[in-house]
Amino acid sequence: MMAVMTFRQALHDTLRDEMHRDENVVLMGEEIGVFEGSYKITAGLLSEFGERRVRDTPIAEEGFTGAAIGAAMLGLRPVVEIMTINFSLLALDQIVNHAAKIYGMFGGQARVPLVIRTPGGGGQQLGATHSQNIELYYAFVPGMKVVAPSTPADAKALLLAAIRDDDPVLFLENLALYNTKGDVPDGDAPAEIGRAAVTRRGSDLTLIGYSRTAFVANQVAQELAETEGLDIEVVDLRSLRPLDRTTIVESVKRTSCAVVLEDDWLTYGIGAEVAATISDGAFDYLDAPVRRVAMAEVPLPYSKVLETAALPSHEDVINAVYQTLDAVGRRRPAARR
Amino acid sequence: MMAVMTFRQALHDTLRDEMHRDENVVLMGEEIGVFEGSYKITAGLLSEFGERRVRDTPIAEEGFTGAAIGAAMLGLRPVVEIMTINFSLLALDQIVNHAAKIYGMFGGQARVPLVIRTPGGGGQQLGATHSQNIELYYAFVPGMKVVAPSTPADAKALLLAAIRDDDPVLFLENLALYNTKGDVPDGDAPAEIGRAAVTRRGSDLTLIGYSRTAFVANQVAQELAETEGLDIEVVDLRSLRPLDRTTIVESVKRTSCAVVLEDDWLTYGIGAEVAATISDGAFDYLDAPVRRVAMAEVPLPYSKVLETAALPSHEDVINAVYQTLDAVGRRRPAARR
Amino acid sequence: MSERTRSAKKGSPSADGSVPPGLTDEEGRRLLDFYRRMVVIRRFEERAARGYTQALIGGYCHLNLGEEAAVVGLVAALDERDYLFTNYREHGYAIERGISPERVMAELYGRVDGVSKGWGGSMHLFDVDHRLLGGYGIVGGQLPLATGAALAISYRGSDEVVMCTMGDGTTNIGAFHESLNLAALWHLPIVYVIINNRLGMGTTVEKSSAEPELARRAASYRMASARVDGLDPLATYEATRAAVAAARAGAPFLLEVVSERLRGHSVVDPAKYRTAEEVEALTSHDPIHTVGARLMVEGLLDAAGLAALDEEAKAIAERASAFAESSPHPDPSTLFDYTYATPVANDLHRLPGEPLFAARPRPTEVA
Amino acid sequence: MSERTRSAKKGSPSADGSVPPGLTDEEGRRLLDFYRRMVVIRRFEERAARGYTQALIGGYCHLNLGEEAAVVGLVAALDERDYLFTNYREHGYAIERGISPERVMAELYGRVDGVSKGWGGSMHLFDVDHRLLGGYGIVGGQLPLATGAALAISYRGSDEVVMCTMGDGTTNIGAFHESLNLAALWHLPIVYVIINNRLGMGTTVEKSSAEPELARRAASYRMASARVDGLDPLATYEATRAAVAAARAGAPFLLEVVSERLRGHSVVDPAKYRTAEEVEALTSHDPIHTVGARLMVEGLLDAAGLAALDEEAKAIAERASAFAESSPHPDPSTLFDYTYATPVANDLHRLPGEPLFAARPRPTEVA
Ligand SMILES: Cc1ncc(C[n+]2csc(CCOP(=O)(O)OP(=O)(O)O)c2C)c(N)n1
Ligand SMILES: Cc1ncc(C[n+]2csc(CCOP(=O)(O)OP(=O)(O)O)c2C)c(N)n1
Ligand SMILES: [Mg+2]
Ligand SMILES: [Mg+2]
């Protein structure tokens, strides 16, 4: 059975179901209760479950995230909401130096079954400090798991997996995805963390993204299939740590060229590892350099005009695809403009 | 004129000279005064300059780093010591969301002439939370400059440049370099931030590193020249942001293969961007995948045996060079073992 | 609401309608001036809210509605040479510091004539000439910065003071503790101001601060403190003057200003978490009403004068938005102008759609 | 040193050598037991220092020398079911919690029989069975964690208490403020303990805390607090019992234990920043001397008994180091065993020298 719902709804329903299923699941974060969440993911949950299980916290990212880690060490399964990923910088020491280290540093004696849900995303004119995509900071750290769904179905399946996992999981959301809709299967089927998905088969080029950019990748591939008859394969990374190198490389071995989409800065961004991985693992198959489409390297300006100039657009993606196809000599004559 | 001195001495003397030169240069940090610095870089400076200019701070990385940023906005040129880069996570919000944003976010009205000196480095059995190399967190951020010298001469030249620069500069040191020695020119010659250096010319392979790994790269190149007659080119990145892509790519165009050394984790590490850059910019010249030598992806264990297994060794570097030369079919017969 | 009762000792109309002791001439003149300024902020904020619904303002937009008396009283107690650091709810402060409402509104509209040239927006007003050193959107982010500015002043032995405002919710973040400790240890010339509007976004002070009388937290640093009624601009002004004087003498101060937030947290927040009674009570606390009424009772303003002030304020707000709307958008070619103050080799000026390296010559078609 | 004067009210020999009022039988027995434990810690730490100079211990190594009375008094006041979070200066705590000195020393030596299997080292002792939930090396890092553990207890309605120790310097970091506020807001069963040994590394309390009477900082959270002489194990024990009882009833507590650090910050610190007089004064405060002397004065121990205790402690320390030295090093093949508790697809088990992808077949030589 399926239902069509928004990404937001899928998150909300999954949280609710998991709270019913397991008494150890508790929600913590700023403004998630009375205010119903800055982006309303937790709407209604305080009245349904009460203050014990839906805990509004003071503005103290380090304190409450650390407290969630400590509670997890004693067997609770806290799901923390950090209002946007920008504010997670204040909790980074607790996450990187504590959540991600406790299992290993103490020789496997304590588990940290914690989920941190947090949205990234620019394009809302929120300015330089409120528009960053810094999932890199978590994806870089052994001991962390980082997932980044792009569809409502994956939002559910990966959130189920994250909550039931015994390690700390950063669950990346995106402001621009909350209102997107899609089929969500009923029932209880957690995804497997650490696996990418080929969400569209194709032979002309591999287009790679995660979170919002996987959504864009699928959209562009569909559009170019319809308008230009192009046959683009899409890889949705889904998990940033572990990174599913096999799926990425096997795809490029089939298509021999790739474009990587990311919403963060290019230099040292997530796409750097993806490009390096492809260039290494598919070395003998690659017919053109891996192209990366990413933000301009500036603190994101507030002005709509400047912000638009700094962020990758739909057009930018399409051009990168065309230019890469040109470079491998594969662009179909019919598609030439 | 030249003098041979340690990396530590070069830092110390440069700080002292700059304090004499410019009354606005002040030092701040934990235990830099009475205790003379955890790694003794600031030894003697408190007695020479007094508490006003050499300020011992409470243990409050966020607070004192942020205070240094604010002081810089009013024209001081604070040089902050963060005892090790691990503790800088606690100040990350002030650095990433404030120091790096203030110039741009306010339309260029306030400058932040700040230097943050901090050592990274594993291999001292300091365990998972005290051995990290997280320069990536700064190198990723537009608005920051990140320099990473590998020699006493560069320590001086880049520290001069950093102190006189009007932007926030993260100055990366390394525990293992403090006692290394080298020639340091007298006189006042700041380096240019944003430039890599080819520290050794060669045609067989490009070996790339920064900070401690540039030191290792030069050592290995020298050794392999002597023992195997290999002609290895070494690129010392020196600046991680901006990254000098031209120097990297031009070198690989000459040698057609590269090995990148880094002390951080491989996945998403600094080397990923270097490898991606080479694979893109020297696509038609590259005869083998760019090889990365990096830490194993674990929280670094305390046990000497395990720590050693997790960190890149001299041998690992040499093997990576051999294997890459094998892959391009260039290993000289004389060198075969 | 106990602090309401022990608020301004004289002059404000009490709940039973009786008239408290009158004002001196000087106080009267001052209150009239404060009121005029409060009305300007009120109308400016209402115009900004409209600009937001017209989609001329984007991002987040937090208003000073209900806090006008506090804003005016606080800023009036500063000298021109003093510095102000504040948070994202700062339009009124910018205007009070003397920045023209035109340039403030232009910033909200993201235009080149905005105080921050369109780079900052509503949350990030900055004007180096008027010594407004920002508008910051990260809760608590301004505290270490302001502390450092005070350090620079003290280092140079000059006699400016730094004022650093924050919300009640902000007192629970680590930067509050670290900053106040530094300021007290180093005897810095700084006044920390808590605008206690009783709410974070929807979370009350009691739910977020274990010691809800926030001024008391100064004791952890042996710092002097006071609590004042922020709906009374004169009381706020007097308390602030005392705090600023202490700071100028090297004794940092923590001032809690108890106020009200009349609407939601930001323009888009309907504030459904407030009960009808709470909303009702708010109206009767609205400082524009209470101060206006007081001026009438004192005979300092009549209905016509009040209407004239209001018209003037509305005109200022309209002019501001007309100016803002006619100011140009920044040119995309300026995108890379403000990443670094010192130009640097190899800074990457690549637009999102551009390749990192120029395209290779097209290979000849194979087979 | 004013707190020294208002310290232990009875029993300890005062500076002029006069004998204070005696102990009850129970107190006497307890003091003797505490002393025995203190001597074990003392000899263990001295042995550890030796192990460090023998290069059998690596990394940083921070000792409890001078803090033995505090450690023993604190831990004795906990029940077995209670939890302890502490920092990197924790060997004594581990032993007092009941972990065998062998396993503690083996951890310092980085061996498989160490409490943390060699993964943690001196700074990161952990034993889930003895409810020692770490040793943490990031200053203040343990505070939010301990607070969260108390939250889990309160959530489940069970009646354990969490004790969280820290140094004096740690009270200036943001996590202190955030954690205490949460604990007080949520009525968590936790005792925060400040071991005030007057120094961070070389920085004094007065140079780092604007309110140097650290227990007073509890007021910012309406939290109860006390200050006690940590050189007196009985006084520490009594004060801790009261604090633990309060916490068990849902009222978190801040306890400041004033102590001494006899040597440098860590084994390698020569502590040159201390004057000769300071070093002199330290010796006379050494709790091993003062408590030993008191037991003699009280007639609870004679010279022979004291020597016997000491021999026993030395033997324990020797056995610990012999055990540690004979315990195997972890096998390199276990390197990837503890990154994740839930095994996960595509976790990279690559040694530093290994390529990311298996080598391609060697190309044939060109030309
Ligand atoms: C570090 C951080 N956490 C969370 C937020 C989101 N946020 C913005 S304003 C706000 C409430 C602040 O309340 P208060 O300090 O009382 O100020 P007020 O808005 O009432 O003026 C929150 C939680 C943020 N901007 N920064
Ligand atoms: C966040 C952080 N900053 C700095 C350090 C380095 N450091 C280790 S111990 C220490 C002094 C701590 O003093 P105190 O809290 O009094 O504890 P003590 O060592 O005296 O027991 C410092 C600065 C650290 N480990 N973590
Ligand atoms: Mg508020
Ligand atoms: Mg101490």
Side-chain angles (χ1 to χ4, degrees), chain A residues 61-62 86-87 89-90 92-98 100-105 107 127-129 132 134 136-137 139-143 240-243 245 264-281 283 286 288-292 295-302, chain B residues 61-62 86-87 89-90 92-98 100-105 107 127-129 132 134 136-137 139-143 240-243 245 264-281 283 286 288-292 295-302:
Chain A
E61 279 80 3
E62 183 182 11
N86 304 281
F87 313 148
L89 287 179
L90 289 156
L92 204 67
D93 171 73
Q94 281 296 319
I95 303 172
V96 168
N97 275 335
H98 296 88
K101 301 291 190 281
I102 281 170
Y103 186 72
M105 189 165 74
T129 61
Q132 294 167 102
I134 48 177
L136 174 71
Y137 287 7
F140 179 55
V141 180
L240 299 181
R241 174 164 294 264
L243 179 66
R245 291 189 161 90
D264 59 357
W265 294 297
L266 183 140
T267 305
Y268 305 112
I270 295 288
E273 180 58 57
V274 178
T277 287
I278 294 170
S279 303
D280 184 347
F283 188 80
L286 204 55
V290 179
R291 173 71 173 267
R292 291 180 268 167
M295 269 180 70
E297 313 231 336
V298 296
L300 200 65
Y302 165 76
Chain B
E61 280 80 3
E62 183 182 12
N86 305 280
F87 313 148
L89 287 179
L90 289 157
L92 204 67
D93 171 73
Q94 282 295 321
I95 304 170
V96 168
N97 275 335
H98 296 87
K101 301 290 190 281
I102 281 171
Y103 187 71
M105 189 165 73
T129 62
Q132 294 167 103
I134 49 177
L136 174 71
Y137 287 6
F140 178 55
V141 180
L240 299 181
R241 174 165 292 265
L243 179 66
R245 290 189 162 90
D264 59 356
W265 294 297
L266 183 140
T267 305
Y268 305 111
I270 295 288
E273 180 58 56
V274 178
T277 287
I278 295 170
S279 303
D280 184 346
F283 187 81
L286 205 54
V290 179
R291 173 71 172 268
R292 291 181 268 166
M295 269 180 70
E297 312 230 337
V298 296
L300 200 65
Y302 164 77

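All chains are named by letter (A, B, ...) in the order of the sequence lines, taking the proteins before the strands, and each is independently numbered beginning at 1.
- Between the B:Tyr268 side chain and the A:Leu240 main chain, a donor and an acceptor come within less than 3.5 Å of each other.
- Minimum interatomic distance between B:Arg245 and A:Leu266 (heavy atoms only, all atoms of both residues): NH2-CD2, 3.6 Å.
- The greatest number of non-hydrogen atom pairs below 4.5 Å with chain A, out of B:Asp264, B:Val290, B:Ile278, is found for B:Asp264.
- Closest approach of B:Thr129 and A:Asn97 over heavy atoms only: CG2-O, 3.2 Å.
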Problem set entry | Stepwise side-chain contact (heavy atoms from CB on, under 4.5 Å) check, B:Gln132 with A:Val96 | CA-CA 10 Å; B:Gln132 294 167 103; A:Val96 168; 3.7 Å; yes

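- Looking only at heavy-atom pairs under 4.5 Å with chain A, the residue among B:Pro301, B:Ala272, B:Pro142 that has the most is B:Pro142.
- In this structure, B:Leu89 and A:Ile95 have side chains that are not in contact, with every pair of non-hydrogen atoms separated by 4.5 Å or more.
- Counting heavy-atom pairs under 4.5 Å between each of B:Arg292, B:Met295, B:Glu62 and chain A puts B:Arg292 at the top.
- Heavy atoms closer than 4.5 Å to chain B are found nowhere in A:Val274, neither backbone nor side chain.
- Of all heavy-atom pairs spanning B:Leu286 and A:Phe283, the tightest one is O-CZ, 3.4 Å.
- Residue with the most contacts toward chain A among B:Ala296, B:Ala128, B:Ala100, B:Ser279: B:Ala128 (heavy-atom pairs, distance under 4.5 Å).
- B:Pro299 places none of its side-chain heavy atoms less than 4.5 Å from the side chain of A:Met105.
- Ranked by heavy-atom pairs shorter than 4.5 Å toward chain B, the options A:Val298, A:Thr267, A:Ile270, A:Leu136 are led by A:Thr267.
- Among B:Gly127, B:Gly104, B:Ala139, the residue making the largest number of heavy-atom pairs under 4.5 Å with chain A is B:Ala139.
- Using cut-offs of 30° and 60° on the angle between ring planes, the pair A:Phe140 and B:Trp265 is perpendicular.
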